[in-house]
2 protein chains.
Amino acid sequence: MAAQRGQRNGVGDTPPAPTAAEITAPIPRVVAEVPAARERARAIPEAAVARLAVYLRVLSGMQDQGSGTVSSEELAVAAGVNSAKLRKDLSYIGSYGTRGVGYEVAVLIEEIERILGLTRKQSVAVVGIGNLGHALANYGGFPGRGFPVTALFDVDPDLIGVPVGGLPVEHIDDIPTICAEREVSIGVIATPPPAAQTVCDRLVEAGVQCILNFAPVVLQVPDHVEVRKVDLAVELQVLSFHVARRADNAAATNGVAPEFNGKVNGMVVT
Amino acid sequence: MAAQRGQRNGVGDTPPAPTAAEITAPIPRVVAEVPAARERARAIPEAAVARLAVYLRVLSGMQDQGSGTVSSEELAVAAGVNSAKLRKDLSYIGSYGTRGVGYEVAVLIEEIERILGLTRKQSVAVVGIGNLGHALANYGGFPGRGFPVTALFDVDPDLIGVPVGGLPVEHIDDIPTICAEREVSIGVIATPPPAAQTVCDRLVEAGVQCILNFAPVVLQVPDHVEVRKVDLAVELQVLSFHVARRADNAAATNGVAPEFNGKVNGMVVT
DNA sequence: CCTTGTGAATCCTTTCACAGCA
DNA sequence: TGCTGTGAAAGGATTCACAAGG
(Lines give C-alpha, C1' and ligand atoms only; values in the text may rest on other atoms or scores of the structure.)
Protein backbone atom coordinates (compact mmCIF):
# COMPACT_ATOMS: atom_id res chain seq x y z
CA MET A 1 0.00 0.00 0.00
CA ALA A 2 1.32 3.30 -0.93
CA ALA A 3 -0.83 6.16 0.00
CA GLN A 4 -3.12 6.84 2.81
CA ARG A 5 -6.62 7.20 1.70
CA GLY A 6 -7.90 8.01 5.10
CA GLN A 7 -5.92 5.49 6.87
CA ARG A 8 -2.98 6.60 8.90
CA ASN A 9 -3.78 10.15 9.41
CA GLY A 10 -3.52 10.41 13.12
CA VAL A 11 -5.89 13.31 13.14
CA GLY A 12 -9.19 14.11 11.66
CA ASP A 13 -7.56 16.54 9.36
CA THR A 14 -7.75 16.41 5.62
CA PRO A 15 -11.51 16.83 5.71
CA PRO A 16 -12.88 16.53 2.26
CA ALA A 17 -10.76 17.11 -0.74
CA PRO A 18 -10.94 20.51 -2.37
CA THR A 19 -13.43 21.11 -5.07
CA ALA A 20 -11.50 19.01 -7.49
CA ALA A 21 -14.22 16.48 -7.14
CA GLU A 22 -16.34 17.23 -10.15
CA ILE A 23 -14.04 15.29 -12.36
CA THR A 24 -15.67 11.92 -12.26
CA ALA A 25 -13.07 10.70 -14.63
CA PRO A 26 -10.17 8.49 -13.67
CA ILE A 27 -9.69 7.29 -10.19
CA PRO A 28 -6.08 7.70 -9.17
CA ARG A 29 -5.64 4.10 -8.24
CA VAL A 30 -2.18 3.22 -7.13
CA VAL A 31 -2.47 -0.48 -7.08
CA ALA A 32 -0.99 -2.66 -9.75
CA GLU A 33 2.63 -2.06 -9.18
CA VAL A 34 5.75 -3.62 -7.90
CA PRO A 35 5.69 -6.72 -10.04
CA ALA A 36 8.74 -7.70 -8.12
CA ALA A 37 8.31 -7.79 -4.40
CA ARG A 38 8.55 -11.53 -4.26
CA GLU A 39 8.27 -11.20 -0.55
CA ARG A 40 5.09 -11.10 1.35
CA ALA A 41 2.49 -9.19 -0.56
CA ARG A 42 1.91 -6.41 1.85
CA ALA A 43 -1.78 -6.99 1.73
CA ILE A 44 -2.51 -8.43 5.13
CA PRO A 45 -5.71 -6.85 6.41
CA GLU A 46 -5.38 -5.07 9.71
CA ALA A 47 -8.03 -7.27 11.27
CA ALA A 48 -6.16 -10.37 10.22
CA VAL A 49 -2.95 -9.16 11.81
CA ALA A 50 -4.60 -8.94 15.21
CA ARG A 51 -5.92 -12.45 14.84
CA LEU A 52 -2.57 -13.81 13.79
CA ALA A 53 -1.29 -12.73 17.19
CA VAL A 54 -4.05 -14.73 18.80
CA TYR A 55 -3.30 -17.79 16.69
CA LEU A 56 0.31 -17.48 17.68
CA ARG A 57 -0.50 -17.69 21.34
CA VAL A 58 -2.79 -20.65 20.85
CA LEU A 59 -0.16 -22.39 18.77
CA SER A 60 2.45 -21.82 21.45
CA GLY A 61 0.19 -23.48 23.95
CA MET A 62 -0.28 -26.42 21.61
CA GLN A 63 3.41 -26.73 21.07
CA ASP A 64 3.99 -26.82 24.82
CA GLN A 65 1.57 -29.69 24.98
CA GLY A 66 3.45 -31.51 22.32
CA SER A 67 1.12 -31.11 19.37
CA GLY A 68 2.93 -31.53 16.10
CA THR A 69 0.16 -30.59 13.71
CA VAL A 70 -3.23 -28.93 13.79
CA SER A 71 -6.10 -28.73 11.40
CA SER A 72 -7.66 -25.40 10.62
CA GLU A 73 -10.75 -26.55 12.44
CA GLU A 74 -8.94 -27.35 15.67
CA LEU A 75 -6.97 -24.16 15.66
CA ALA A 76 -10.03 -22.16 14.78
CA VAL A 77 -12.02 -23.51 17.69
CA ALA A 78 -9.17 -22.87 20.08
CA ALA A 79 -8.81 -19.35 18.82
CA GLY A 80 -12.51 -18.63 18.85
CA VAL A 81 -13.00 -17.99 15.14
CA ASN A 82 -14.40 -20.09 12.34
CA SER A 83 -12.17 -22.21 10.22
CA ALA A 84 -12.78 -20.39 6.96
CA LYS A 85 -11.62 -17.16 8.46
CA LEU A 86 -8.63 -18.82 9.96
CA ARG A 87 -7.57 -20.36 6.67
CA LYS A 88 -8.05 -17.08 4.89
CA ASP A 89 -5.93 -15.34 7.51
CA LEU A 90 -3.17 -17.90 7.19
CA SER A 91 -3.32 -17.66 3.43
CA TYR A 92 -2.20 -14.04 3.70
CA ILE A 93 1.15 -15.15 5.01
CA GLY A 94 1.66 -18.03 2.62
CA SER A 95 0.79 -21.67 2.07
CA TYR A 96 2.26 -23.64 4.87
CA GLY A 97 -0.36 -26.31 5.27
CA THR A 98 -0.60 -29.81 3.89
CA ARG A 99 -3.91 -30.73 2.28
CA GLY A 100 -5.58 -33.59 3.93
CA VAL A 101 -3.43 -33.18 7.00
CA GLY A 102 -3.21 -29.73 8.46
CA TYR A 103 -0.47 -27.40 9.56
CA GLU A 104 2.74 -28.08 11.36
CA VAL A 105 2.59 -26.17 14.59
CA ALA A 106 6.26 -25.26 14.60
CA VAL A 107 6.15 -23.97 11.05
CA LEU A 108 3.15 -21.79 11.66
CA ILE A 109 4.69 -20.35 14.79
CA GLU A 110 7.81 -19.47 12.95
CA GLU A 111 6.02 -17.88 10.03
CA ILE A 112 3.65 -15.84 12.15
CA GLU A 113 6.49 -14.62 14.30
CA ARG A 114 8.35 -13.56 11.24
CA ILE A 115 5.38 -11.70 9.81
CA LEU A 116 4.72 -9.96 13.10
CA GLY A 117 8.32 -8.93 13.34
CA LEU A 118 8.87 -10.83 16.55
CA THR A 119 12.17 -12.20 15.41
CA ARG A 120 13.86 -9.01 16.45
CA LYS A 121 13.22 -7.78 19.93
CA GLN A 122 11.21 -4.61 20.15
CA SER A 123 12.31 -2.42 22.97
CA VAL A 124 9.45 -0.97 25.00
CA ALA A 125 9.30 2.14 27.19
CA VAL A 126 6.51 2.67 29.71
CA VAL A 127 5.63 6.23 30.64
CA GLY A 128 3.57 6.93 33.74
CA ILE A 129 4.35 4.61 36.60
CA GLY A 130 1.07 4.79 38.47
CA ASN A 131 -1.08 1.78 39.19
CA LEU A 132 -1.36 0.81 35.60
CA GLY A 133 2.23 1.62 34.77
CA HIS A 134 3.33 -0.60 37.62
CA ALA A 135 1.22 -3.39 36.32
CA LEU A 136 2.69 -2.98 32.87
CA ALA A 137 6.26 -2.73 34.09
CA ASN A 138 5.83 -5.94 36.02
CA TYR A 139 4.16 -7.75 33.19
CA GLY A 140 7.07 -10.15 33.10
CA GLY A 141 8.87 -8.59 30.20
CA PHE A 142 5.56 -8.83 28.42
CA PRO A 143 4.01 -12.01 27.23
CA GLY A 144 5.76 -14.34 24.94
CA ARG A 145 8.86 -12.30 25.38
CA GLY A 146 10.13 -10.34 22.42
CA PHE A 147 9.09 -7.10 24.08
CA PRO A 148 11.65 -6.25 26.72
CA VAL A 149 10.75 -3.19 28.74
CA THR A 150 13.91 -1.14 28.71
CA ALA A 151 12.84 2.17 30.18
CA LEU A 152 10.37 3.58 32.67
CA PHE A 153 9.43 7.24 33.03
CA ASP A 154 7.44 9.44 35.37
CA VAL A 155 7.43 12.98 36.72
CA ASP A 156 7.02 12.19 40.40
CA PRO A 157 10.34 13.02 42.14
CA ASP A 158 9.64 10.31 44.72
CA LEU A 159 9.62 7.72 41.98
CA ILE A 160 12.68 8.75 40.05
CA GLY A 161 15.44 6.27 40.62
CA VAL A 162 13.20 3.75 42.31
CA PRO A 163 13.43 0.37 40.65
CA VAL A 164 10.15 -1.06 39.42
CA GLY A 165 10.27 -4.53 38.03
CA GLY A 166 14.03 -4.31 38.18
CA LEU A 167 14.33 -1.10 36.20
CA PRO A 168 14.84 2.36 37.65
CA VAL A 169 12.28 5.05 36.89
CA GLU A 170 13.66 8.00 34.94
CA HIS A 171 12.31 11.50 34.52
CA ILE A 172 10.18 12.19 31.48
CA ASP A 173 12.46 15.01 30.49
CA ASP A 174 14.96 12.34 29.61
CA ILE A 175 12.63 10.53 27.25
CA PRO A 176 14.27 11.84 24.10
CA THR A 177 17.80 10.91 25.03
CA ILE A 178 17.12 7.65 26.79
CA CYS A 179 14.68 6.32 24.22
CA ALA A 180 16.99 7.17 21.37
CA GLU A 181 19.89 5.62 23.20
CA ARG A 182 18.08 2.39 24.03
CA GLU A 183 16.46 2.22 20.63
CA VAL A 184 12.95 2.08 21.96
CA SER A 185 10.56 1.17 19.19
CA ILE A 186 7.31 1.08 21.13
CA GLY A 187 6.18 3.62 23.68
CA VAL A 188 3.41 2.84 26.14
CA ILE A 189 1.56 5.81 27.60
CA ALA A 190 -0.06 5.18 30.97
CA THR A 191 -0.13 8.72 32.29
CA PRO A 192 -3.06 10.83 33.45
CA PRO A 193 -4.93 12.35 30.50
CA PRO A 194 -3.46 15.86 30.74
CA ALA A 195 0.09 14.59 30.40
CA ALA A 196 -0.50 12.21 27.53
CA GLN A 197 -0.03 14.56 24.59
CA THR A 198 3.17 16.04 25.96
CA VAL A 199 4.59 12.63 26.64
CA CYS A 200 3.54 11.50 23.21
CA ASP A 201 5.34 14.43 21.63
CA ARG A 202 8.53 13.56 23.43
CA LEU A 203 8.32 9.95 22.39
CA VAL A 204 7.88 11.01 18.80
CA GLU A 205 10.77 13.38 19.20
CA ALA A 206 12.86 10.45 20.37
CA GLY A 207 12.05 8.61 17.20
CA VAL A 208 9.50 6.19 18.60
CA GLN A 209 7.20 5.20 15.76
CA CYS A 210 4.62 3.10 17.54
CA ILE A 211 2.60 4.06 20.57
CA LEU A 212 0.20 2.15 22.74
CA ASN A 213 -1.99 4.66 24.51
CA PHE A 214 -3.89 3.89 27.69
CA ALA A 215 -4.76 7.48 28.41
CA PRO A 216 -8.31 8.46 27.48
CA VAL A 217 -7.36 11.18 25.06
CA VAL A 218 -7.06 11.40 21.31
CA LEU A 219 -3.40 11.81 20.54
CA GLN A 220 -2.21 14.02 17.73
CA VAL A 221 0.73 12.45 15.94
CA PRO A 222 2.54 12.79 12.63
CA ASP A 223 1.43 10.50 9.85
CA HIS A 224 4.34 8.18 10.20
CA VAL A 225 3.57 7.27 13.79
CA GLU A 226 1.27 4.38 14.52
CA VAL A 227 -1.03 4.65 17.52
CA ARG A 228 -3.20 2.02 19.12
CA LYS A 229 -5.47 2.86 21.97
CA VAL A 230 -6.78 0.88 24.89
CA ASP A 231 -9.63 2.71 26.48
CA LEU A 232 -11.19 1.32 29.62
CA ALA A 233 -14.07 3.71 29.67
CA VAL A 234 -14.97 2.95 26.09
CA GLU A 235 -14.90 -0.77 26.76
CA LEU A 236 -17.21 -0.45 29.71
CA GLN A 237 -19.55 1.83 27.86
CA VAL A 238 -19.81 -0.53 24.95
CA LEU A 239 -20.70 -3.29 27.36
CA SER A 240 -23.16 -0.98 29.02
CA PHE A 241 -24.76 -0.42 25.65
CA HIS A 242 -25.28 -4.14 25.32
CA VAL A 243 -26.79 -4.39 28.76
CA ALA A 244 -29.20 -1.62 27.85
CA ARG A 245 -30.06 -3.14 24.50
CA ARG A 246 -30.71 -6.43 26.14
CA ALA A 247 -32.97 -4.82 28.70
CA ASP A 248 -34.87 -3.02 25.97
CA ASN A 249 -35.31 -6.16 23.97
CA ALA A 250 -36.49 -8.07 26.97
CA ALA A 251 -38.94 -5.35 27.83
CA ALA A 252 -40.11 -5.29 24.25
CA THR A 253 -40.80 -8.98 24.01
CA ASN A 254 -42.63 -8.84 27.30
CA GLY A 255 -44.92 -6.23 25.94
CA VAL A 256 -43.75 -3.67 28.40
CA ALA A 257 -44.19 -0.04 27.51
CA PRO A 258 -41.48 0.95 25.09
CA GLU A 259 -40.58 4.18 26.79
CA PHE A 260 -37.43 4.67 24.86
CA ASN A 261 -38.89 4.42 21.47
CA GLY A 262 -38.86 7.41 19.26
CA LYS A 263 -35.94 8.36 17.12
CA VAL A 264 -35.63 5.53 14.64
CA ASN A 265 -36.49 6.51 11.16
CA GLY A 266 -38.01 3.30 10.17
CA MET A 267 -35.04 1.13 9.59
CA VAL A 268 -36.03 -2.34 10.43
CA VAL A 269 -33.39 -4.87 11.01
CA THR A 270 -33.22 -8.13 12.77
CA MET B 1 -22.90 -26.08 19.70
CA ALA B 2 -20.05 -24.34 18.09
CA ALA B 3 -20.48 -21.50 20.40
CA GLN B 4 -17.27 -19.69 19.87
CA ARG B 5 -18.40 -16.43 18.49
CA GLY B 6 -15.64 -14.00 17.97
CA GLN B 7 -14.90 -12.03 21.01
CA ARG B 8 -14.94 -8.40 20.27
CA ASN B 9 -11.57 -7.00 20.57
CA GLY B 10 -12.05 -3.81 22.34
CA VAL B 11 -8.89 -2.30 21.49
CA GLY B 12 -7.61 0.59 19.60
CA ASP B 13 -8.29 0.53 16.03
CA THR B 14 -5.43 1.39 13.81
CA PRO B 15 -6.85 3.76 11.29
CA PRO B 16 -7.25 7.45 11.87
CA ALA B 17 -6.71 7.95 15.49
CA PRO B 18 -8.91 6.50 18.15
CA THR B 19 -11.88 4.34 18.03
CA ALA B 20 -12.01 0.77 19.02
CA ALA B 21 -13.37 -2.49 17.93
CA GLU B 22 -12.81 -3.59 14.45
CA ILE B 23 -13.95 -7.06 14.94
CA THR B 24 -17.61 -7.10 14.46
CA ALA B 25 -18.85 -10.48 15.23
CA PRO B 26 -21.82 -12.05 13.65
CA ILE B 27 -24.96 -11.71 15.64
CA PRO B 28 -25.30 -14.83 17.72
CA ARG B 29 -28.93 -15.28 16.85
CA VAL B 30 -29.57 -18.95 17.27
CA VAL B 31 -33.24 -19.11 16.73
CA ALA B 32 -34.63 -17.43 13.71
CA GLU B 33 -37.85 -15.69 14.37
CA VAL B 34 -38.49 -12.72 16.55
CA PRO B 35 -41.83 -11.53 15.23
CA ALA B 36 -40.11 -8.31 14.44
CA ALA B 37 -43.12 -6.66 15.99
CA ARG B 38 -42.19 -3.17 16.99
CA GLU B 39 -38.57 -4.01 16.71
CA ARG B 40 -36.58 -1.25 18.31
CA ALA B 41 -34.28 -0.73 15.40
CA ARG B 42 -31.12 -1.23 17.37
CA ALA B 43 -29.25 -1.03 14.16
CA ILE B 44 -26.32 0.86 15.57
CA PRO B 45 -23.15 -0.74 14.20
CA GLU B 46 -20.77 -2.04 16.83
CA ALA B 47 -18.01 0.21 15.56
CA ALA B 48 -20.23 3.23 15.86
CA VAL B 49 -21.08 2.43 19.46
CA ALA B 50 -17.43 2.49 20.44
CA ARG B 51 -17.02 5.85 18.78
CA LEU B 52 -20.07 7.27 20.47
CA ALA B 53 -18.29 6.65 23.76
CA VAL B 54 -15.37 8.67 22.48
CA TYR B 55 -17.60 11.49 21.33
CA LEU B 56 -19.19 11.50 24.74
CA ARG B 57 -15.91 12.09 26.46
CA VAL B 58 -14.92 14.84 24.07
CA LEU B 59 -18.32 16.47 24.49
CA SER B 60 -17.99 16.38 28.27
CA GLY B 61 -14.70 18.17 27.97
CA MET B 62 -16.30 20.79 25.75
CA GLN B 63 -19.14 21.26 28.15
CA ASP B 64 -16.69 21.80 31.00
CA GLN B 65 -15.14 24.53 28.93
CA GLY B 66 -18.46 26.14 28.42
CA SER B 67 -19.16 25.26 24.79
CA GLY B 68 -22.82 25.40 23.99
CA THR B 69 -22.78 24.05 20.47
CA VAL B 70 -20.42 22.21 18.15
CA SER B 71 -20.35 21.55 14.46
CA SER B 72 -19.74 18.07 13.18
CA GLU B 73 -16.41 19.27 11.89
CA GLU B 74 -15.19 20.55 15.25
CA LEU B 75 -16.32 17.50 17.11
CA ALA B 76 -14.87 15.24 14.48
CA VAL B 77 -11.44 16.82 14.70
CA ALA B 78 -11.49 16.62 18.48
CA ALA B 79 -12.48 12.98 18.34
CA GLY B 80 -10.01 12.10 15.64
CA VAL B 81 -12.45 10.98 12.97
CA ASN B 82 -13.73 12.63 9.83
CA SER B 83 -16.91 14.60 9.92
CA ALA B 84 -18.88 12.40 7.55
CA LYS B 85 -18.35 9.43 9.80
CA LEU B 86 -19.26 11.44 12.83
CA ARG B 87 -22.51 12.62 11.31
CA LYS B 88 -23.35 9.12 10.20
CA ASP B 89 -22.68 7.84 13.68
CA LEU B 90 -24.86 10.49 15.25
CA SER B 91 -27.58 9.80 12.75
CA TYR B 92 -27.92 6.32 14.20
CA ILE B 93 -29.18 7.76 17.44
CA GLY B 94 -31.47 10.37 15.93
CA SER B 95 -31.53 13.85 14.48
CA TYR B 96 -30.46 16.24 17.14
CA GLY B 97 -28.57 18.77 15.06
CA THR B 98 -29.63 22.05 13.55
CA ARG B 99 -28.68 22.59 9.94
CA GLY B 100 -26.45 25.52 9.41
CA VAL B 101 -25.60 25.60 13.09
CA GLY B 102 -24.48 22.35 14.63
CA TYR B 103 -25.33 20.33 17.68
CA GLU B 104 -26.12 21.42 21.20
CA VAL B 105 -23.47 19.89 23.40
CA ALA B 106 -25.84 19.21 26.28
CA VAL B 107 -28.37 17.50 24.08
CA LEU B 108 -25.82 15.24 22.46
CA ILE B 109 -24.40 14.27 25.81
CA GLU B 110 -27.79 13.35 27.10
CA GLU B 111 -28.73 11.33 24.06
CA ILE B 112 -25.48 9.44 23.86
CA GLU B 113 -25.64 8.64 27.55
CA ARG B 114 -29.13 7.33 27.11
CA ILE B 115 -28.16 5.14 24.17
CA LEU B 116 -25.15 3.79 25.99
CA GLY B 117 -27.26 2.98 28.99
CA LEU B 118 -25.30 5.26 31.27
CA THR B 119 -28.38 6.64 32.89
CA ARG B 120 -28.52 3.69 35.22
CA LYS B 121 -25.41 2.75 37.10
CA GLN B 122 -23.79 -0.49 36.07
CA SER B 123 -22.28 -2.35 38.94
CA VAL B 124 -18.81 -3.73 38.23
CA ALA B 125 -16.92 -6.61 39.84
CA VAL B 126 -13.18 -7.03 39.38
CA VAL B 127 -11.74 -10.50 39.68
CA GLY B 128 -8.02 -10.99 40.17
CA ILE B 129 -6.45 -8.37 42.38
CA GLY B 130 -2.89 -8.53 41.13
CA ASN B 131 -1.08 -5.58 39.65
CA LEU B 132 -3.68 -4.97 37.02
CA GLY B 133 -6.60 -5.68 39.30
CA HIS B 134 -5.25 -3.16 41.76
CA ALA B 135 -4.99 -0.60 39.04
CA LEU B 136 -8.54 -1.28 37.96
CA ALA B 137 -9.93 -1.24 41.50
CA ASN B 138 -8.33 2.11 42.10
CA TYR B 139 -9.43 3.57 38.82
CA GLY B 140 -11.52 6.09 40.71
CA GLY B 141 -14.78 4.26 40.42
CA PHE B 142 -13.99 4.16 36.74
CA PRO B 143 -14.00 7.12 34.46
CA GLY B 144 -16.93 9.37 34.10
CA ARG B 145 -18.56 7.51 36.93
CA GLY B 146 -21.57 5.41 36.15
CA PHE B 147 -19.55 2.27 36.74
CA PRO B 148 -19.17 1.79 40.46
CA VAL B 149 -16.92 -1.10 41.41
CA THR B 150 -18.92 -3.02 43.99
CA ALA B 151 -16.96 -6.21 44.45
CA LEU B 152 -13.40 -7.48 44.31
CA PHE B 153 -12.36 -11.11 44.20
CA ASP B 154 -9.20 -13.15 44.40
CA VAL B 155 -8.00 -16.55 45.61
CA ASP B 156 -4.98 -15.44 47.59
CA PRO B 157 -5.77 -15.94 51.31
CA ASP B 158 -3.49 -13.04 52.18
CA LEU B 159 -5.66 -10.72 50.15
CA ILE B 160 -9.09 -11.80 51.32
CA GLY B 161 -10.54 -9.14 53.55
CA VAL B 162 -7.90 -6.60 52.69
CA PRO B 163 -9.46 -3.38 51.47
CA VAL B 164 -8.35 -2.23 48.04
CA GLY B 165 -9.63 1.09 46.91
CA GLY B 166 -11.96 1.07 49.88
CA LEU B 167 -13.50 -2.30 49.16
CA PRO B 168 -12.58 -5.60 50.81
CA VAL B 169 -11.40 -8.45 48.63
CA GLU B 170 -13.62 -11.53 48.71
CA HIS B 171 -12.90 -15.09 47.74
CA ILE B 172 -13.78 -16.15 44.24
CA ASP B 173 -15.90 -18.96 45.61
CA ASP B 174 -18.31 -16.27 46.69
CA ILE B 175 -18.67 -14.81 43.22
CA PRO B 176 -22.06 -16.35 42.55
CA THR B 177 -23.71 -15.17 45.74
CA ILE B 178 -22.09 -11.78 46.04
CA CYS B 179 -22.49 -10.83 42.41
CA ALA B 180 -26.12 -11.82 42.41
CA GLU B 181 -26.69 -9.98 45.64
CA ARG B 182 -25.02 -6.77 44.47
CA GLU B 183 -26.54 -7.02 41.05
CA VAL B 184 -23.26 -6.91 39.21
CA SER B 185 -23.85 -6.38 35.53
CA ILE B 186 -20.28 -6.24 34.31
CA GLY B 187 -17.49 -8.57 35.35
CA VAL B 188 -13.85 -7.69 34.75
CA ILE B 189 -11.41 -10.57 34.59
CA ALA B 190 -7.82 -9.68 35.48
CA THR B 191 -6.61 -13.08 36.62
CA PRO B 192 -3.74 -15.18 35.37
CA PRO B 193 -4.67 -17.07 32.20
CA PRO B 194 -5.29 -20.47 33.81
CA ALA B 195 -7.93 -19.10 36.15
CA ALA B 196 -9.84 -17.04 33.63
CA GLN B 197 -12.26 -19.64 32.31
CA THR B 198 -13.24 -20.83 35.77
CA VAL B 199 -13.80 -17.32 36.96
CA CYS B 200 -15.77 -16.59 33.84
CA ASP B 201 -18.00 -19.58 34.47
CA ARG B 202 -18.76 -18.38 37.96
CA LEU B 203 -19.57 -14.90 36.78
CA VAL B 204 -21.95 -16.34 34.24
CA GLU B 205 -23.43 -18.51 36.91
CA ALA B 206 -24.03 -15.38 38.97
CA GLY B 207 -26.00 -13.90 36.12
CA VAL B 208 -23.38 -11.49 34.85
CA GLN B 209 -24.06 -10.89 31.19
CA CYS B 210 -21.13 -8.75 30.17
CA ILE B 211 -17.49 -9.50 30.67
CA LEU B 212 -14.37 -7.48 30.04
CA ASN B 213 -11.49 -9.90 29.77
CA PHE B 214 -7.88 -8.90 30.31
CA ALA B 215 -6.60 -12.44 30.49
CA PRO B 216 -4.94 -13.66 27.31
CA VAL B 217 -7.27 -16.56 26.74
CA VAL B 218 -10.30 -17.14 24.57
CA LEU B 219 -13.26 -17.48 26.88
CA GLN B 220 -16.07 -19.89 26.16
CA VAL B 221 -19.41 -18.39 27.11
CA PRO B 222 -23.07 -18.97 26.38
CA ASP B 223 -24.51 -16.97 23.51
CA HIS B 224 -26.28 -14.53 25.72
CA VAL B 225 -23.12 -13.32 27.38
CA GLU B 226 -21.18 -10.48 25.81
CA VAL B 227 -17.40 -10.58 26.03
CA ARG B 228 -14.91 -7.91 25.13
CA LYS B 229 -11.23 -8.56 25.29
CA VAL B 230 -8.28 -6.33 25.98
CA ASP B 231 -5.11 -8.11 25.05
CA LEU B 232 -1.78 -6.47 25.75
CA ALA B 233 0.26 -8.95 23.83
CA VAL B 234 -1.91 -8.62 20.76
CA GLU B 235 -1.63 -4.86 20.85
CA LEU B 236 2.12 -4.97 21.06
CA GLN B 237 2.37 -7.54 18.34
CA VAL B 238 0.21 -5.53 16.00
CA LEU B 239 2.47 -2.57 16.59
CA SER B 240 5.44 -4.80 16.03
CA PHE B 241 3.96 -5.82 12.71
CA HIS B 242 3.85 -2.19 11.69
CA VAL B 243 7.43 -1.63 12.72
CA ALA B 244 8.43 -4.59 10.59
CA ARG B 245 6.33 -3.52 7.64
CA ARG B 246 7.83 -0.08 7.82
CA ALA B 247 11.31 -1.52 7.80
CA ASP B 248 10.45 -3.69 4.81
CA ASN B 249 9.01 -0.80 2.89
CA ALA B 250 12.03 1.32 3.59
CA ALA B 251 14.22 -1.43 2.27
CA ALA B 252 11.97 -1.85 -0.71
CA THR B 253 11.98 1.79 -1.73
CA ASN B 254 15.70 1.55 -1.97
CA GLY B 255 15.48 -1.19 -4.49
CA VAL B 256 12.17 -1.82 -6.10
CA ALA B 257 8.88 -0.21 -5.26
CA PRO B 258 8.68 3.22 -6.77
CA GLU B 259 6.27 4.33 -4.17
CA PHE B 260 6.81 7.20 -1.87
CA ASN B 261 4.34 9.43 -0.28
CA GLY B 262 2.90 11.06 -3.32
CA LYS B 263 -0.02 12.81 -1.79
CA VAL B 264 -1.51 15.95 -3.21
CA ASN B 265 -4.64 17.41 -1.82
CA GLY B 266 -5.49 14.07 -0.46
CA MET B 267 -5.41 12.61 -3.91
CA VAL B 268 -2.85 10.05 -4.69
CA VAL B 269 -0.64 10.42 -7.65
CA THR B 270 2.19 8.30 -8.83
C1' DC C 1 -24.44 31.02 2.97
C1' DC C 2 -24.07 27.52 6.43
C1' DT C 3 -24.15 22.62 8.31
C1' DT C 4 -26.88 18.51 8.90
C1' DG C 5 -28.67 14.12 7.36
C1' DT C 6 -28.46 10.46 4.14
C1' DG C 7 -28.76 7.66 -0.34
C1' DA C 8 -25.29 5.74 -3.17
C1' DA C 9 -20.69 4.34 -4.17
C1' DT C 10 -16.65 2.36 -2.42
C1' DC C 11 -13.82 -0.23 0.26
C1' DC C 12 -12.88 -3.73 3.68
C1' DT C 13 -14.13 -8.34 6.01
C1' DT C 14 -16.28 -12.32 6.45
C1' DT C 15 -18.47 -16.33 4.74
C1' DC C 16 -19.43 -19.75 1.24
C1' DA C 17 -18.40 -23.46 -1.37
C1' DC C 18 -15.59 -26.06 -4.06
C1' DA C 19 -11.39 -27.09 -6.83
C1' DG C 20 -7.00 -29.04 -5.91
C1' DC C 21 -3.93 -31.92 -3.83
C1' DA C 22 -1.53 -35.01 -0.25
C1' DT D 1 -10.81 -39.48 1.85
C1' DG D 2 -9.95 -35.20 4.24
C1' DC D 3 -8.31 -30.76 4.58
C1' DT D 4 -6.15 -26.76 2.56
C1' DG D 5 -6.33 -22.65 -0.32
C1' DT D 6 -9.03 -19.42 -2.70
C1' DG D 7 -12.24 -17.25 -6.13
C1' DA D 8 -16.65 -15.35 -5.60
C1' DA D 9 -20.64 -13.84 -3.00
C1' DA D 10 -22.41 -11.52 0.91
C1' DG D 11 -22.27 -8.32 4.46
C1' DG D 12 -20.53 -4.23 6.99
C1' DA D 13 -18.41 -0.01 7.51
C1' DT D 14 -16.63 4.22 5.50
C1' DT D 15 -16.62 7.84 2.36
C1' DC D 16 -18.74 10.72 -1.09
C1' DA D 17 -21.52 14.17 -2.47
C1' DC D 18 -25.61 16.47 -2.48
C1' DA D 19 -30.49 17.54 -1.22
C1' DA D 20 -32.82 19.50 2.71
C1' DG D 21 -33.41 23.08 5.67
C1' DG D 22 -32.23 26.67 9.13
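Letters A, B, ... mirror the listed sequences (proteins, then strands); counts begin at 1.
- The line from CD1 of B:Ile186 to CD of A:Gln237 is 9.5 Å long, rounded to the nearest 0.5 Å.
- The side-chain contact (heavy atoms from CB on, under 4.5 Å) search around B:Gln63 returns B:Val105, B:Ala106, B:Ile109, not counting sequence neighbours.
- B:Val204 meets the side-chain contact (heavy atoms from CB on, under 4.5 Å) test with B:Cys200, B:Ile211, B:Pro222, B:Val225; sequence neighbours excluded.
- Contact annotation: A:Arg51 side-chain N/O to C:dT14 OP1/OP2 distance is under 4.0 Å.
- Ranking D:dT14, C:dT14, C:dT6 by closeness to the B:Ser95 side chain, first place goes to C:dT6.
- The phosphate of C:dT4 (OP1 or OP2) has a side-chain N or O of B:Ser72 nearer than 4.0 angstrom.
- Per the geometry, CD belonging to B:Glu46 stands 16 Å off P belonging to C:dT13, to the nearest Å.
- Taking atom CG on A:Leu86 and atom C1' on C:dT15, their separation rounds to 14 Å, with Å as the unit.
- Side chain of A:Pro45, nearest nucleotide from C:dT14, C:dT13, D:dT4: C:dT13.
- For D:dC3, the OP1/OP2 oxygens have no side-chain nitrogen or oxygen of A:Tyr96 closer than 4.0 Å.
- Every side-chain contact (heavy atoms from CB on, under 4.5 Å) that B:Ala196 has, sequence neighbours left out, goes to B:Ile189, B:Thr191, B:Ala215, B:Val217, B:Leu219.
- Among residues two or more places apart in sequence or in another chain, the side chain to side chain donor-acceptor pair (under 3.5 Å) test is passed with A:Gln197 by A:Asp201.
- For B:Tyr103 and D:dG22, the shortest distance from a side-chain N or O to OP1 or OP2 is not below 4.0 Å.
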inquiry  = At under 4.0 Å between heavy atoms, how does the protein contact nucleotides 16-22 of chain C? Give one character per nucleotide, 5' to 3', with B, S or -.
reply    = -B-BBBB

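- Distance CD1 (B:Ile93) to P (C:dT4): 14 Å, rounded to an integer number of Å.
- In this structure, CD of A:Glu73 is placed 9 Å from P of D:dT4, rounded to the nearest angstrom.
- Every pair passing salt bridge (Lys or Arg N to Asp or Glu O under 4.0 Å) that includes a residue from residues 87-106 of chain A is listed here, sequence neighbours excluded: A:Arg51-A:Asp89.
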